[in-house]
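What follows is a short report on a single structure.
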There are 2 protein chains.
Amino acid sequence: MEERDSEAEVRSQRLEVRIRGKGMSDLTIVNALVVPMTEERQSFNGFVRVSDGVITEVRAGAPREVTKDAPMIDADGSVLMPGLVNAHTHVYQVLLRAVWEDLPLLPWLKRIYGAAQVLRPEHFYAGTLLGCIEAIRSGVTTVCEHNFLNPHPECAFETIRAIRESGLRAVFARTIMDTGEIVPDCVKENSDRAFRHIEDIIAANRQSERLSFMTGPNTPPLNTTPDLLKEIRRFADEKSIGISAHVAESRSVVEFTKEKHGKSGVVGFLDDFGIPAPNSIFAHCVHVSDDEIRVLKERGASVSHNPVSNMMLGDGVAPVVEMIRAGVNVALGTDGAASNHSQDLFETMKTASLLQKVHHQDAGVIDPYAVLRMATVNGARALGLGSACGTIEVGKRADLILVDLDAIHNQPINDLFSQLVHCAKASDVWTVIVDGEILMKDRKLTGQDEREVLSNAQRRHRNLMERLRTVSF
Amino acid sequence: MEERDSEAEVRSQRLEVRIRGKGMSDLTIVNALVVPMTEERQSFNGFVRVSDGVITEVRAGAPREVTKDAPMIDADGSVLMPGLVNAHTHVYQVLLRAVWEDLPLLPWLKRIYGAAQVLRPEHFYAGTLLGCIEAIRSGVTTVCEHNFLNPHPECAFETIRAIRESGLRAVFARTIMDTGEIVPDCVKENSDRAFRHIEDIIAANRQSERLSFMTGPNTPPLNTTPDLLKEIRRFADEKSIGISAHVAESRSVVEFTKEKHGKSGVVGFLDDFGIPAPNSIFAHCVHVSDDEIRVLKERGASVSHNPVSNMMLGDGVAPVVEMIRAGVNVALGTDGAASNHSQDLFETMKTASLLQKVHHQDAGVIDPYAVLRMATVNGARALGLGSACGTIEVGKRADLILVDLDAIHNQPINDLFSQLVHCAKASDVWTVIVDGEILMKDRKLTGQDEREVLSNAQRRHRNLMERLRTVSF
């Protein structure tokens with residue numbers, strides 16, 4: 001039985017390779033400063049072997065046997081670490097960088113939902129591909145794309161097409177909204193239509209091992225009725241898929257929850273419907289009480305902390321330290337470029353560290369290694385990929401990045417983990433590997449003509465800006 | 001008379017060129033998106049002409065006449081903006097990146113002062129040159145180096161030698177301390193010795209037009225007696241030089257001020273000695289009252305806001321919005337790499353913007369153009385260089401940078417000023433010019449062998465780490 005499964009896996013991988021038209025052969029990365037991001041803090045000079053997309057050997061020193069002409073990367077002393085996991089974003093939003101500045105969450109959401117009315121599949125495709133390249137360039141190997149709803153179901157398919165073309169591993173969370181009391185412009189639908197769409201998406205992407213799926217109650221309870229939440233719980237259980245939601249992002253959402261549902265917080269409200277669970281990932285959790293943190297822990301739900309976005313929208317500071325201390329699995333996300341401007345998870349790591357230190361007025365309140373864990377292994381776990389990626393260990397998929405610490409701004413090295421969080425930059429990432437496939441080498445994308453992607457995105461962007469002028473927000 | 005002055009200026013410039021051994025001829029930068037950073041928000045496609053280090057023409061369109069073979073840079077659509085002004089740093093501290101993590105200000109200072117005891121001139125030279133290159137690479141053209149005191153007066157000379165070799169414009173603020181009640185390890189001296197040293201430094205650098213000088217009461221009143229402050233005021237007036245001080249960086253300093261001197265704040269305390277003045281720059285001002293903000297405004301003192309450092313040490317959030325609204329000139333600094341890890345002022349701009357938004361829980365509380373002004377023209381003004389640099393205007397020195405916005409993370413452009421603050425990165429800076437002299441072109445330093453600088457810094461760093469082991473903190 002095990003053998004059959006393994007055979008099926010190999011077949012499926014080969015199919016995937018064919019579909020993507022790229023080689024995914026064996027690979028050895030030598031002469032690396034390996035940072036495996038396992039429980040124990042460690043780093044060592046060594047090598048990593050990859051076979052058929054899987055890590056087969058992780059060792060200090062140099063490999064004893066090297067097959068002549070076998071694919072090899074000389075890491076040249078660079079840090080070899082797990083690819084970063086962006087646990088919450090809306091990749092297409094790179095087209096909307098800096099469009100709605102200076103707005104708090106609700107008026108901002110009104111515009112985002114308004115924009116959804118004029119966004120067409122070609123905008124989603126062009127924006128998503130551009131944003132995926134930005135992600136790859138900053139060392140991201142997995143994104144959780146919480147896709148905004150649009151009247152055109154094709155938009156989701158085009159978003160996924162772009163993600164697949166980029167080569168990134170991704171969780172696609174398909175948003176659902178069925179009400180819009182204080183954000184009336186959101187696109188509402190009934191759960192049957194939404195669930196059929198999700199089933200179609202899953203069916204169409206069965207062959208892509210790098211993709212998995214979630215349901216996405218958008219911003220409970222602003223735009224989800226209790227009935228919908230019950231349905232989502234049932235559907236997620238039936239399909240064995242996770243739930244991604246924006247939770248307690250601003251005070252206004254918590255206030256609405258109190259007024260409308262008589263509950264003191266969003267997590268508590270969601271708990272009535274069984275939404276916090278081991279396969280749930282809640283973005284933000286800025287305004288959650290100690291009691292709610294306990295609920296998150298007890299239910300095994302994960303949180304994606306998105307500090308740049310929270311700061312940009314003036315939401316507040318999430319109780320990251322408190323959640324980590326309580327044992328909640330806290331991952332890290334950029335959020336979309338409409339509320340961050342960037343898809344750079346290195347920048348997000350430094351910001352996350354700094355924000356907790358200043359918020360608690362305590363320089364020692366958060367440890368750089370904890371921040372690195374948020375951006376790697378915690379992210380993988382939050383997305384149900386804990387056994388697939390997030391650390392460098394034998395048996396895991398080879399999602400790896402090489403970070404050059406020779407740049408002036410990283411030198412000299414006094415504390416490797418701290419400097420990966422506080423000194424290293426997106427521009428230091430020179431190689432990105434997903435599933436053993438090299439997506440970027442020597443800072444050059446292997447599978448994309450960047451100039452062409454950019455030029456297409458610019459053309460679609462001009463069109464989108466014209467269409468946006470027709471929307472009254 | 002005017003002609004004589006101008007002749008003298010040309011002579012002096014030629015001398016400077018000879019001393020530095022580099023050419024500083026005429027230059028035209030064409031095909032640029034010019035962002036002059038003047039009062040009115042503007043940007044236009046145009047060109048800038050430079051002659052003998054001075055901006056002689058700034059215009060939209062293309063130049064009508066171009067002298068054949070005259071030096072020209074095709075900006076290729078890049079943003080041409082004033083070089084950034086880092087209004088507060090300790091450049092040598094790049095050797096101490098991430099050495100003392102997780103400490104609040106006072107225990108951290110104890111280590112910084114302790115380290116000063118074993119720092120030798122060669123460490124200051126090697127660290128400062130490395131840090132200057134990092135600054136240049138992030139688009140900085142002017143630094144205010146608040147130099148930490150060391151028993152060896154030669155340390156200051158070696159710091160200055162490194163700055164001069166880098167080609168940066170700089171204000172060298174020579175720190176002074178004469179007491180050390182709660183930070184007993186600081187190096188204390190009497191004012192006569194300190195002032196003689198400053199006079200020697202000024203005399204030795206008369207020929208360097210890119211350098212100016214300040215006195216630096218280090219962290220009043222922690223390590224400066226009232227008598228010293230009176231002396232500093234007198235000396236600064238006598239020499240017509242400015243004053244740079246760390247002011248109200250942490251609550252602990254304010255508390256000390258209350259206990260020791262019965263004053264409710266540091267600015268109020270300093271006002272008794274006439275220290276807040278138009279040629280004063282106060283780093284931090286995290287814990288200042290509304291009354292003190294009025295004092296800063298009325299006395300014409302400038303503030304260097306250093307958000308990354310304040311966050312890193314858990315100091316708190318400076319009332320930047322309140323100070324700007326009150327009319328205080330607020331500049332931007334990185335602070336040293338021992339409390340920032342970085343000398344990247346692009347990163348600092350984004351952090352400054354985000355920190356105010358989240359602190360006020362108001363996304364619209366600070367405007368990107370105001371942040372750009374902090375990092376350019378306000379910085380120049382704060383350092384007494386308002387007529388020399390900080391904007392692109394005819395008659396100002398040619399301190400210019402070219403920022404490539406074609407990188408994926410900057411595209412598409414929706415709001416140029418916001419995206420310069422929130423999207424652009426140090427790695428987008430490809431050309432840096434100071435006084436008309438090209439310090440970096442196509443991301444290559446023109447006057448330094450970076451690998452050699454790095455290798456020397458690493459060697460000195462190893463030695464410093466050994467010496468630090470002998471210090472009991």
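Letters A, B, ... mirror the listed sequences (proteins, then strands); counts begin at 1.
- When heavy atoms are compared at a cutoff of 4.5 Å, A/L130 approaches chain B by way of both its backbone and its side chain.
- Both the backbone and the side chain of B/L95 come within contact range of chain A, with heavy atoms under 4.5 Å apart.
- Between chain B and the options A/V317, A/V453, A/V308, A/L96, heavy-atom pairs under 4.5 Å are most frequent for A/V308.
- For the pair B/G364 and A/D102, the tightest heavy-atom approach, listed with the atom from each and the gap, is CA-CB, 3.5 Å.
- B/N414 places a side-chain N or O within 3.5 Å of a backbone atom of A/R97 that can act as its donor or acceptor partner.
- When heavy atoms are compared at a cutoff of 4.5 Å, B/V365 does not approach chain A at all.
- Looking at B/E101, the atoms closer than 4.5 Å to chain A (heavy atoms on both sides) all sit in the side chain, from C-beta outward.
- The CG atom of B/D344 lies 10.5 Å from the SG atom of A/C423; values are rounded to the nearest 0.5 Å.
- Of all heavy-atom pairs spanning A/K357 and B/M311, the tightest one is CB-O, 3.1 Å.
- Once rounded to the nearest 0.5 Å, the distance linking NE2 of A/H409 with OG of B/S342 reads 8.0 Å.
- From B/L354, atom CG reaches atom CG of A/N310 across 10.5 Å, with rounding to the nearest 0.5 Å.
- By number of non-hydrogen pairs under 4.5 angstrom with chain A, the leading residue of B/H422, B/E134, B/Q458 is B/H422.
- Heavy-atom pairs under 4.5 Å with chain A were tallied for B/M312, B/R137, B/H359; the largest tally goes to B/M312.
- Within the 4.5 angstrom heavy-atom criterion, only backbone atoms of A/I413 (N, CA, C, O) approach chain B.
- With a 4.5 angstrom heavy-atom cutoff, A/P368 touches chain B only via side-chain atoms.
- Only the backbone of A/L313 has a heavy atom closer than 4.5 Å to any heavy atom of chain B.
- In this structure, chain A has no heavy atom under 4.5 Å from any part of B/L105.
- Between B/K350 and A/N340, the shortest heavy-atom contact is NZ-O, 3.0 Å.
- Only the side chain of A/H461 comes within less than 4.5 Å of a heavy atom of chain B; its backbone N, CA, C and O stay farther away.
- Using a 4.5 Å cut-off between heavy atoms, B/E347 touches chain A through its side chain atoms alone.
- In terms of heavy atoms, B/V94 sits closest to A/P412 at O-CD, 3.3 Å.
- For chain B, the nearby part of A/R251 is the side chain; its heavy atoms alone come within less than 4.5 Å.
- Proximity to chain B is limited to the backbone of A/N410, based on heavy atoms less than 4.5 angstrom apart.
- Note that CD1 of B/I136 and CD1 of A/I408 are 10.0 Å apart. Values are rounded to the nearest 0.5 Å.
- For the pair B/P104 and A/A363, the tightest heavy-atom approach, listed with the atom from each and the gap, is N-CB, 4.1 Å.
- To the nearest 0.5 angstrom, B/D415 atom CG is 7.5 Å from A/H341 atom NE2.
- B/L454 contributes atom CG, which lies 6.5 Å from atom CG of A/D406 (distance to the nearest 0.5 angstrom).
- Ranking B/H360, B/Q343, B/K425, B/M465 against chain A, the residue ahead of the rest is B/K425, based on heavy-atom pairs under 4.5 Å.
- Only the side chain of B/R451 comes within less than 4.5 Å of a heavy atom of chain A; its backbone N, CA, C and O stay farther away.
- For the set A/S427, A/G316, A/A426, the entry with the most heavy-atom pairs within less than 4.5 Å of chain B is A/G316.
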